[in-house]
Amino acid sequence: LSLPLSLPLSLPLSLPLSLPLSAPLSLPLSAPLSAPLSAPQALAAVAPVAFCFWRLTRLYIPVSSRLKQLDKESSGPLYSWHAETIRGLGCARAFRLEAQFLESFIQKLRTNHTAHFLWTASGRWLAIRLDWLSAAVVGAVGAAVILSGDTLEAGLAGLALVYVLQVTSLFQWGFRMASEAANHLTSVERIHECCLVPQEPATETEADATLTGWPQHGAIRFQDVQLRYRPGLPLVLNGASFAVPAGAKAAVVGRTGAGKSSLAVALFRLVELSSGTISVDGVDIGTLGLHAVRAAFTFIPQQPLLFGGTVRSNVDPAGAHSHQTLAAALDAVAFSRHTGAALDTPLAEGGANLSAGARQLLMLARALLRRTLVLVMDEATSSCDAETDGTIQRVVRERFGESTLLTIAHRLETIIDFDMVLVMDRGAVQEQGAPDELICRRDSAFARFVRNTGEENERRLSAAAREAASIRRSQGKR
């Protein structure tokens with residue numbers, strides 16, 4: 001096995017001693033092979049001992065390695081469940097789900113302990129067989145000494161018997177080293193399996209060198225895009241086609257599973273397209289490197305992604321901006337006013353010491369520092385209070401007025417004044433147009449979404465859509 005991988009730290013200490021199977025084999029055979037001068041009859045034990053050792057090797061090492069692998073694999077879900085339970089302990093207690101969480105934890109613990117117990121039991125099974133084999137070697141040498149009779153000197157007979165008594169401990173140690181090496185290599189095998197997973201495309205391509213200041217406008221076009229997350233799975237985007245003009249504010253709506261979030265997955269090339277093209281300012285992003293594509297867009301997710309550290313390290317992970325620039329970005333989103341925190345304020349893992357709205361403000365400040373011409377938002381205000389929601393909406397309108405905005409919407413109130421709406425259904429764009437135009441078409445899917453909010457909300461949303469359309473016309477927009 002030749003792998004370009006780094007072995008575990010504990011592996012090199014025992015690997016040179018345990019990898020060659022001839023090393024543990026030579027230890028139990030050294031006793032009968034050291035007795036030819038004293039008792040040649042002991043040579044008869046060599047073949048049976050070698051055969052028994054070979055059989056034990058064929059039986060034990062594959063089973064032990066597989067059990068150790070199952071032990072490692074079953075421990076991952078156990079640790080993950082424990083970490084998730086700690087993070088969501090408040091919600092579990094609020095809904096009185098302690099018993100269910102405990103039952104799930106015990107079930108995962110039982111699965112892990114089953115594999116670990118079987119692995120330990122297999123070691124005891126081996127130890128008993130090794131004791132039998134060692135006793136057979138000792139008995140064979142003792143019998144050879146007795147059969148030699150008066151022809152064997154007392155000193156040589158004592159040497160053979162004393163040396164062969166050490167066989168048991170040496171036998172156990174040698175075989176344990178061999179099995180330990182095999183068990184350690186299960187970690188290498190798991191890493192090797194991860195290395196065989198298909199990798200992402202290249203981060204840089206020759207086409208990147210031809211780009212200068214791309215994107216210059218931010219016009220987005222999807223053309224017959226088809227996408228599936230893995231081979232054999234159904235298409236999550238099935239012929240999606242639409243165009244968002246440069247600087248337009250577009251909202252994506254639809255029911256659960258319609259393919260809304262998959263548009264962002266396709267745009268950032270988290271999964272490669274099955275067919276179709278996505279172009280920004282006329283450039284097919286499939287021909288570019290991943291670094292160029294992802295550096296050109298900004299994404300604000302529904303669940304903020306923060307790391308343990310400080311506010312500064314989360315807003316500017318690369319350390320590319322000055323203190324004044326970072327402070328200005330936080331002031332623009334009113335982060336200090338909402339939280340009282342500063343740039344050097346420590347953050348817990350995942351931003352646990354901040355509210356959901358404060359975490360989203362940090363994501364917005366990070367987006368302000370990037371200032372890209374394409375901004376993708378996955379309903380960034382769904383878990384925010386009204387004041388934080390208003391702050392985010394205001395900053396997006398003021399600071400990203402020239403950017404193309406693609407919002408995956410879960411609430412109609414936040415996107416009713418957008419320039420266009422894309423209604424997704426079964427991975428395709430069912431209809432598209434301005435919100436006021438779609439509401440006027442009583443048979444449109446978007447109009448049904450508005451009606452389902454209730455009569456009062458329908459009137460309010462319709463009025464807001466008409467007002468936004470009037471403002472667009474006064475500004476010379478369609």
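If you read the sequence from its start, that first residue is 1, and numbering goes on from there. For the numbers below, each heavy atom of this structure counts, side chains included, while hydrogens, waters and symmetry mates do not.
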Just by distance, no angles: are the side chains of [X] and [Y] close enough, under 3.5 Å, to form a donor-acceptor pair?
X    : Y    : value
S64  : W119 : yes
D284 : T287 : no
S322 : T325 : yes

Would you check if [X] and [Y] make a side-chain contact, meaning some heavy-atom pair closer than 4.5 Å?
X    : Y    : result
R312 : L326 : yes
W214 : V280 : yes
Q223 : S279 : no
L375 : F297 : no
R294 : F299 : no
L347 : L362 : yes
L263 : F242 : yes
L368 : R399 : yes

Give, for atom [atom1] of [X] and atom [atom2] of [Y], the distance between the pair rounded to the nearest 0.5 Å.
X    : Y    : atom1 : atom2 : result
L343 : N314 : CG    : CG    : 11.5 Å
I392 : M377 : CD1   : CE    : 6.5 Å
L97  : E103 : CG    : CD    : 12.0 Å
L364 : R359 : CG    : CZ    : 15.0 Å

Least distance between heavy atoms, [X] atom then [Y] atom:
X    : Y    : result
G259 : L237 : O-CD2, 3.6 Å
R228 : P234 : CB-O, 3.7 Å
A465 : I439 : CB-CD1, 3.9 Å
D316 : L369 : CB-CD1, 4.5 Å
R366 : L305 : NH2-O, 3.4 Å

Is a donor on one side and an acceptor on the other found under 3.5 Å between the side chain of [X] and the backbone of [Y]?
X    : Y    : value
S462 : R459 : no
R269 : I285 : yes
E431 : A445 : yes
S444 : R441 : yes
N112 : K108 : no
D281 : Q216 : yes
S262 : V236 : no
R451 : F446 : no
T298 : A367 : no
T203 : H291 : no

Run the salt-bridge test on [X] and [Y] with the 4.0 Å N-O cut-off and return the result as yes or no.
X    : Y    : value
E458 : R442 : yes
R87  : E349 : no
D436 : R472 : yes

Determine the sole option in T404, T407, V396, L405 for which the side-chain contact (heavy atoms from CB on, under 4.5 Å) test with K249 is passed.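 Running side-chain contact (heavy atoms from CB on, under 4.5 Å) over T404, T407, V396, L405 with K249 returns exactly one hit, L405.
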Walk me through whether R394 and E398 qualify under salt bridge (Lys or Arg N to Asp or Glu O under 4.0 Å). CA-CA 6 Å; R394 174 183 57 80; E398 293 178 357; 3.5 Å; yes
